[in-house]
Amino acid sequence: NNVIAGNILTDEHIGKSITGKLIDGCGQNSCWSNISVTDKIAPEITMPGMIEIECYQVDREAIKNMIIATDNCNSPVDVRETFYIEQSLTCDDNYVMRINATYIAEDAHGNQSAPKSIIVNVKRPSMMDIVFPADSTILDGSNLICGEYEEDENGFPHISETGYPQLNGINLIPGEAIGICNIGISQEIRRVGLVHSDKGCVTKYMRRFLVYEGWCSNGMVLDSTQTIEVLDDKAPIFDKIDNFSASANSANCTATVYI
């Protein structure tokens, strides 16, 4: 028996049976009827304009989340992918891939939108955006300390200790793919010498990086060398030795003693 304010039916009345009553304005005559409130209008999809993403950002779910769907009744809207294909671009100057995808939206009452499609262009990386790690030296205080860093399988400073080359903040790790960027990286490290300084003994290493782009048979190659210095500033420590006796040679009163 509650009167609906303003006689306006909204989404909150969907699925409910409403009694409508029409009263003659000149008398008391009236008629009534049952009103069934339903949602027959499909949600709408708003597609973004031309989409460009970085080669290390390709993610189907993230692309779907770019789609904006709205419903006239403010009900939850489910966006579903109905078609998705990735096309590799081998020698395009600007892009490494083009993605075609189609989506529909469905509201809580089963109304479906018409399908809409988007094209996503995946940008070719700029090798000029690659930053190589800085040197690790005594001079600027960034050196490693002997015994306080992780070593690789050869006993050299591990690359994680002295830094990876980066593409827009993303580590370029030897042997691992970087999205679909067509970028490869190799590194080698060698020990080049041991020097003495006023701070202690310094072991010097040189790590060489090669970063290359697999693009159209003539991609760019970057070559960079990193200097790594390891400081040993602590004297050796002998374990406590118990007292012992040693006999000298009777001929010249000398002896060789190993401790």
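The model shown is predicted, which means the values in this text are computed figures rather than measured ones.
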Asks: So Y95 and E52, do their side chains get closer than 4.5 Å, heavy atoms only?
Replies: yes
Asks: Would you say Q166 and N171 are linked by a side-chain donor-acceptor pair, where the criterion is simply a distance under 3.5 Å?
Replies: yes
Asks: Do you reckon V77 sits in the same ILVMFWY cluster as I45, going by side-chain contacts under 4.5 Å, direct or chained?
Replies: no
Asks: So do V211 and I183 actually touch side chain to side chain, heavy atoms under 4.5 Å?
Replies: yes
Asks: Side chains of L89 and V96, heavy atoms from C-beta outward: is any pair under 4.5 Å?
Replies: no
Asks: Considering all heavy atoms of both residues, which atom of A42 and which atom of N111 are nearest to each other, and what is their separation?
Replies: CA-CB, 3.6 Å
Asks: Taking the side chain as C-beta and beyond, is there a heavy-atom pair between N121 and M50 under 4.5 Å?
Replies: yes
Asks: Which heavy-atom pair separates P48 from I51 by the least distance, and what is that distance?
Replies: CG-CD1, 3.4 Å
Asks: What pair of heavy atoms forms the shortest contact from T227 to D135, and how long is it?
Replies: N-OD1, 2.9 Å
Asks: List the residues meeting side-chain hydrogen bond (donor to acceptor under 3.5 Å, both in side chains) with D152, not counting sequence neighbours, and say none if there are none.
Replies: none
Asks: Side-chain contact test, heavy atoms from C-beta onward, threshold under 4.5 Å: evaluate it for D39 versus N72 and give yes or no.
Replies: yes
Asks: I need the minimum non-hydrogen distance between D223 and R208, along with the two atoms involved.
Replies: OD2-NH2, 2.5 Å
Asks: Output, in order, the C-alpha distance, side-chain angles, deciding distance and verdict of side chain to side chain contact (heavy atoms under 4.5 Å, CB included) for V79 and K64.
Replies: CA-CA 8 Å; V79 176; K64 189 183 81 168; 4.1 Å; yes
Asks: Work out which heavy atom in V58 is nearest to a heavy atom in E86; give both atom names and the distance.
Replies: CG1-OE2, 4.0 Å
Asks: Any non-hydrogen side-chain atom of Y164 less than 4.5 Å from a side-chain atom of P174?
Replies: yes
Asks: Going by heavy atoms in the side chains, are Q226 and F132 under 4.5 Å from each other?
Replies: no
Asks: Sub-3.5 Å donor-acceptor pair from the side chain of S136 to the main-chain atoms of S142, do we have one?
Replies: yes
Asks: Shortest non-hydrogen contact from I173 to I178?
Replies: N-CD1, 4.2 Å
Asks: Given side chains that start at C-beta, do those of N143 and V202 come closer than 4.5 Å, heavy atoms only?
Replies: no
Asks: With a 3.5 Å distance limit and no angle check, can you tell me whether T225 reaches the backbone of R207 through a side-chain donor-acceptor pair?
Replies: no
